[in-house]
Amino acid sequence: MAKLYDLQGKRIFVAGHRGMVGAAITRHLNQRGMEALTVDRTELDLLDQAGVKKWISENRPDVMIVAAAKVGGILANDTRPAEFIYENLVIETNLIDAAYRAGVERVVFLGSSCIYPKFAAQPMSEDALLTGPLEPTNEWYAIAKIAGVKLAQAYRQQYGCRYISAMPTNLYGIGDNFNLQGAHVIPSLMRKAHEAKLSGQAAMEVWGTGTVRREFLFVDDLADAVIFLAENYDEPGPINVGVGEDLTIRDLAELVCSAVGFTGTLEFDASKPDGTPQKLLDVKKISSLGWKAKTALDIGLAATYEWYLANQGELRL
Ligand code: GFB
């Protein structure tokens with residue numbers, strides 16, 4: 001199938017290249033001999049509208065990938081709503097408007113599966129957007145991400161921009177955040193299991209009831225999907241990026257323990273939030289374009305643990 005847009009030879013700005021997602025996309029672009037343009041936070045604050053406009057008009061990327069965002073796990077989302085809604089709204093608005101004004105040809109905006117309603121039918125198709133109330137623990141982040149999807153769509157509708165939005169499911173992998181207060185479930189459980197193993201603990205704590213279900217995509221698979229979509233998807237609505245399978249948090253915790261080699265028991269703390277009961281994406285749309293995730297969860301967990309062991313000294317915990 002002929003590509004709708006060819007990234008070869010283009011200047012591709014990856015906003016947020018220090019984060020897990022942006023770093024993976026930058027890595028994959030470089031591996032394919034493509035030019036990834038990046039800028040450090042010390043040189044450009046993405047919350048600074050004038051600064052973003054100036055940097056983009058001076059650096060003139062052809063393509064922009066919006067991987068910059070304020071992200072975090074259930075506790076961070078639930079306890080810091082103002083930061084999550086404000087920073088995400090400002091970052092995406094600054095970037096997308098500046099892209100339009102500088103004539104950027106293509107934007108890939110990255111959202112999240114939490115944009116869909118709390119009780120959306122599973123698996124959740126792209127059509128579920130705005131059909132019901134959101135999950136309260138992350139509605140602030142979700143509202144900002146929905147605004148980002150709509151921004152990309154509005155600039156397409158009014159100005160004819162070829163801007164698209166991709167909605168990844170829960171992500172994990174190389175470069176993840178292992179800070180227990182801010183992290184998502186996989187790096188948190190991995191670190192807890194690792195520390196429990198080293199200190200010879202009999203049990204480790206898992207938040208919530210363990211019965212809720214989540215789907216997990218290895219970040220390198222997301223990077224591959226983003227490059228694929230930049231070249232092969234050009235519609236106004238969002239497109240889901242997932243694996244099409246989920247599991248309970250209890251089953252996940254057991255897999256993490258076996259990747260780490262912790263053989264103790266799990267203690268569920270039901271006073272911590274469970275969040276949405278299930279979050280599984282319908283991946284028919286991206287599958288019909290010919291893309292699918294490659295990394296099985298046990299393989300991805302092993303690679304993540306290996307990375308954690310090798311990089312522990314440099315992590316901000
Ligand atoms: O990954 P997580 O923080 O995010 O939590 P969400 C997923 C599930 O794992 C929840 C449970 O049911 C947690 O209660 N869990 C068990 C733990 N132990 C732990 C632990 O030690 N740490 C954490 N963090 N969870 C986020 C949203 O929701 O998903 C964001 O808040 C974003 O907005 C992200 O969309 C992808 O899947 O619940």
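Just so you know, residue 1 is the first one in the sequence shown, and it goes up from there. Counting convention: from 1, in listed order, for ligands and their atoms alike.
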Determine whether Asp97 and Arg101 satisfy the following criterion, salt bridge (charged side-chain N to carboxylate O under 4.0 Å, His left out), listing intermediate values before the conclusion. CA-CA 6 Å; Asp97 186 65; Arg101 295 190 190 278; 2.8 Å; yes

Between the side chains of Lys285 and Tyr233, does any donor sit under 3.5 Å from an acceptor? yes

If you scan protein heavy atoms around atom 14 (O) of ligand 1, the nearest is Pro273 O, 2.6 Å

One finds that the ligand 1 atoms under 4.0 Å from a non-hydrogen atom of Cys114 are 33 (O), 35 (O)

So for Asp78 against ligand 1, with non-hydrogen atoms under 4.0 Å, the contacting part is neither

protein heavy-atom neighbour closest to atom 8 (C) of ligand 1 works out as Ile249 CD1, 3.6 Å

Test the Arg106-Tyr5 pair against the cation-pi criterion, namely NZ or CZ under 6.0 angstrom from the six-membered ring centroid and within 45° of the ring axis.
yes

Per-atom filter on ligand 1: closer than 4.0 angstrom to a heavy atom of Val212 are 12 (O)

In the single-linkage hydrophobic clustering (I, L, V, M, F, W, Y; side-chain heavy atoms under 4.5 Å), do Val219 and Tyr172 co-cluster? no

for atom 1 (O) of ligand 1, nearest protein heavy atom and its distance come out as Val185 N, 2.9 Å

Closest to atom 28 (O) of ligand 1 by heavy-atom distance, out of Lys279, Arg191, His184, is Lys279

Looking only at protein heavy atoms, what sits closest to atom 10 (C) of ligand 1 is Asp274 O, 3.4 Å

So for Ile74 against ligand 1, with non-hydrogen atoms under 4.0 Å, the contacting part is both

A student checking ligand 1 against Ser188 at a 4.0 Å heavy-atom cut-off should list atoms 20 (C), 21 (O), 22 (N)

The reported gap from OG in Ser199 to CZ in Phe262 (rounded to nearest 0.5 angstrom) is 8.0 Å

Requested in this report: Please verify whether a non-hydrogen atom of Gly72 lies at under 4.0 Å from ligand 1.
Outcome: yes

Ser112 heavy atoms within 4.0 Å reach ligand 1 at atoms 35 (O)

The protein heavy atom nearest to atom 27 (C) of ligand 1 is Asn138 ND2, 3.1 Å

Short version for Asn77: what comes under 4.0 Å of ligand 1, heavy atoms counted, is side chain

Side chain Asp78, main chain Asn138, donor-acceptor under 3.5 Å: no

So that I can tick it off, tell me whether Asp234 and Arg156 are bridged by a salt bridge, with the cut-off set at under 4.0 angstrom between side-chain N and carboxylate O. yes

So the atoms of ligand 1 within less than 4.0 Å of a heavy atom of Leu189 turn out to be 18 (N)

If you scan protein heavy atoms around atom 36 (C) of ligand 1, the nearest is Asn170 OD1, 3.3 Å

**Charged N-O contact under 4.0 Å between Lys10 and Glu105** = yes

_Distance flag, aromatic centroids of Tyr163 and Phe109, threshold under 6.0 Å_ = no

Note: heavy atom closest to atom 37 (O) of ligand 1, options Met204, Arg214, Lys70, Lys192, belongs to Arg214

Which of Arg32, Lys292, Arg27 passes salt bridge (charged side-chain N to carboxylate O under 4.0 Å, His left out) with Asp224? It is Arg32

Gly73 heavy atoms within 4.0 Å reach ligand 1 at atoms 3 (O), 31 (O)

Counting heavy atoms under 4.0 Å, the part of Ala183 that contacts ligand 1 is backbone

Judged by heavy atoms only, the candidate from Phe84, Trp207, Tyr141 nearest atom 20 (C) of ligand 1 is Trp207

Is it true that a side-chain atom of Asp40 and a backbone atom of Thr42 form a donor plus acceptor pair closer than 3.5 Å?
-> no

Checklist line | Parallel, tilted or perpendicular: ring planes of Trp307 versus Phe178, cut at 30 and 60 degrees | finding: parallel

